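Residue numbering restarts at 1 for every chain, and letters A, B, ... go by the order of the sequence lines. These numbers were taken from a predicted model, which means no experiment stands behind them.
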Amino acid sequence: MPLSIATWNINSVRLRLPLVEHFLKSWAPDILCLQETKCPNELFPREAFEALGYRHIEIHGQKGYHGVATLSRLPLQELSERRLYCGISDARHLSVVFSHGARTIRLHNFYVPAGGDEPDRTINVKFGHKLDFIEEMKLLHAEAEAGVSSILVGDLNIAPLEHDVWSHKQLLKIVSHTPIETEGLTSVLSGGSWVDLMRQHKPEPEKLYTWWSYRARDWQAADRGRRLDHIWSSADLAAHLNHVEILKEARGWERPSDHVPVIATFDL
DNA sequence: ATGGTGGTGAAACCA
């Protein structure tokens, strides 16, 4: 039985609604996790997604900033949760539970703080917030609930491996690729018994990017990307991974997000 | 070393 899960930092769900609709029509994942919806809950365009068959929708939004949403063609159980990280009420996490065949799966959708420009928490509180957020994510285990498999997706705003950035050396002091962040995220991964599905499918040294800055003159020619978006799962699901696709073409669509969708397909 | 672009929501803040 196939299962496909997609994640996409959309950078305003209302502005880019036509792009999300196009993606859902053409790629039709079972579930799509969005980040940076930048949309208050009461203004979320539910009807547009319901019309495309995504009738099971959970949202965790706020005005102006952040925000995550999970759109599903599969029924969701009444077990969704919105966790508070660092005691700050930003809309950065949402998890849902669904059944697939004999399995029960909890799917976490994260938007990790970007962390500002200066990689020093003594002068940049946003970087401190990011490090604290990652520290708190270490409490999240892939086998947290008996009999429940786990998937974790989202914009984690960290490119953990050498070949997750266009130049390891030039980015070592750039927020998203500093050692304290990459070691922190690696520790969240291994400590929680998670499997990095993108790297299981395409190991290093192949370059993998999911984000290209808006500020480049020609993002495609420069190709200075980073792998900021991730799909992880518990080992039982990883054993049934079929494919992972990074939809690079979406970066070239009309008025694009700076992130592209990532889609994992399982054969369960 | 610097500034480059884009979103929200109407100025400053964030990515």
With a 3.5 Å cut-off and sequence neighbours excluded, list the donor-acceptor pairs that the side chains of residues 17-27 of chain A form with protein atoms.
unit_1, atom_1, unit_2, atom_2, d
Ser26(A), OG, His22(A), O, 3.0

Neighbours of DNA chain B within residues 157-167 of chain A, by heavy-atom distance under 4.0 Å: none
Separation of dT8(B) P from Asp90(A) CG (nearest whole Å): 17 Å
Interatomic distance at C1', dA15(B) relative to dG3(B), whole Å: 15 Å
Residues that His108(A) engages under ring-ring contact (aromatic ring centres under 6.0 Å, His included), provided they are two or more places apart: His93(A)
N/O donor-acceptor pair under 3.5 Å between Lys130(A) side chain and Asn157(A) backbone: yes
ring-ring contact (aromatic ring centres under 6.0 Å, His included) against Phe266(A), all qualifying residues, sequence neighbours excluded: none
Interatomic distance, Asn11(A) CG vs dT8(B) C1' [rounded to whole Å]: 10 Å
Asp223(A)/Lys207(A) ion pair, N-O < 4.0 Å: no
Check: Tyr65(A) side chain, Lys38(A) main-chain N or O, donor-acceptor pair, under 3.5 Å: no
Inter-nucleotide C1' distance (dC13(B), dG9(B)), Å rounded: 11 Å
Gln62(A) CD - dG7(B) C1' separation (whole Å): 14 Å
Nearest-nucleotide comparison on DNA chain B, the residue closer to the 5′ end among Thr37(A) and Tyr111(A): Thr37(A)
Length of the line joining Asp117(A):CG and dA1(B):C1', which is rounded to integer Å: 14 Å
Side-chain cluster (under 4.5 Å, hydrophobic types only) that Val97(A) belongs to, other residues: Leu79(A)
Expected output: side-chain Ser234(A) to main-chain Ser150(A) donor-acceptor under 3.5 Å: yes
Would you be so kind as to tabulate the donor-acceptor pairs closer than 3.5 Å made by side chains of residues 44-58 of chain A, with sequence neighbours excluded?
unit_1, atom_1, unit_2, atom_2, d
Tyr54(A), OH, Pro29(A), O, 2.6
Glu58(A), OE1, Ser80(A), OG, 3.3
Glu58(A), OE1, Arg82(A), NH2, 2.6

Nearest-angstrom distance from the residue atom CD1 of Ile10(A) to P of dA15(B): 18 Å
Dot-bracket encoding of pairs in DNA chain B, which uses [ ] for pseudoknotted crossings and | for another strand, Watson-Crick or G-U under 3.5 angstrom: ....((((...))))
Integer-rounded Å distance: dA1(B) P and Gln170(A) CD: 13 Å
Rounded distance in Å - CG (Leu15(A)) to C1' (dA15(B)): 15 Å
Protein-nucleotide distance (His259(A), atom NE2; dC14(B), atom P), rounded to Å: 17 Å
Nonpolar side-chain network containing Trp232(A), other nodes, edges under 4.5 Å: Tyr85(A), Phe110(A), Val112(A), Phe133(A), Ile134(A), Met137(A), Leu140(A), Leu152(A), Leu156(A), Ile158(A), Leu185(A), Val188(A), Leu189(A), Trp194(A)
Test applied, side chain to side chain donor-acceptor pair (under 3.5 Å); reference residue, Asp164(A); option that passes from His230(A), Arg226(A), Arg199(A), His177(A): Arg199(A)
Closest-nucleotide ordering on DNA chain B, the 5'-leading residue of Asn9(A) and Arg255(A): Arg255(A)
Sugar-phosphate, base or nothing in reach of Arg217(A), heavy atoms under 4.0 Å: nothing
Grab the N/O contacts between the protein and nucleotides 9-13 of chain B below 3.5 Å, and write none if there aren't any.
unit_1, atom_1, unit_2, atom_2, d
dG9(B), OP1, Lys63(A), NZ, 3.4

Qualifying residues under ring-ring contact (aromatic ring centres under 6.0 Å, His included), relative to His243(A), sequence neighbours excluded: His201(A)
Sugar-phosphate, base or nothing in reach of Arg16(A), heavy atoms under 4.0 Å: sugar-phosphate
His60(A): partners by ring-ring contact (aromatic ring centres under 6.0 Å, His included), with sequence neighbours left out: none
dC14(B) versus dA10(B) - spacing of their P atoms, nearest Å: 16 Å
Exam field: side chain Asp218(A) to backbone Gln220(A), donor-acceptor pair closer than 3.5 Å: yes
Stacked cation flag Arg251(A) on Trp219(A), 6.0 angstrom / 45 deg: yes
Extract from the structure each pairing of a protein N or O with an N or O of nucleotides 2-5 of chain B at less than 3.5 Å, listing the distance.
unit_1, atom_1, unit_2, atom_2, d
dG4(B), O6, Arg215(A), NH1, 3.0
dG4(B), N1, Arg215(A), NH1, 3.1
dT5(B), O4', Tyr214(A), O, 3.1
dT5(B), N3, Arg215(A), NE, 3.4

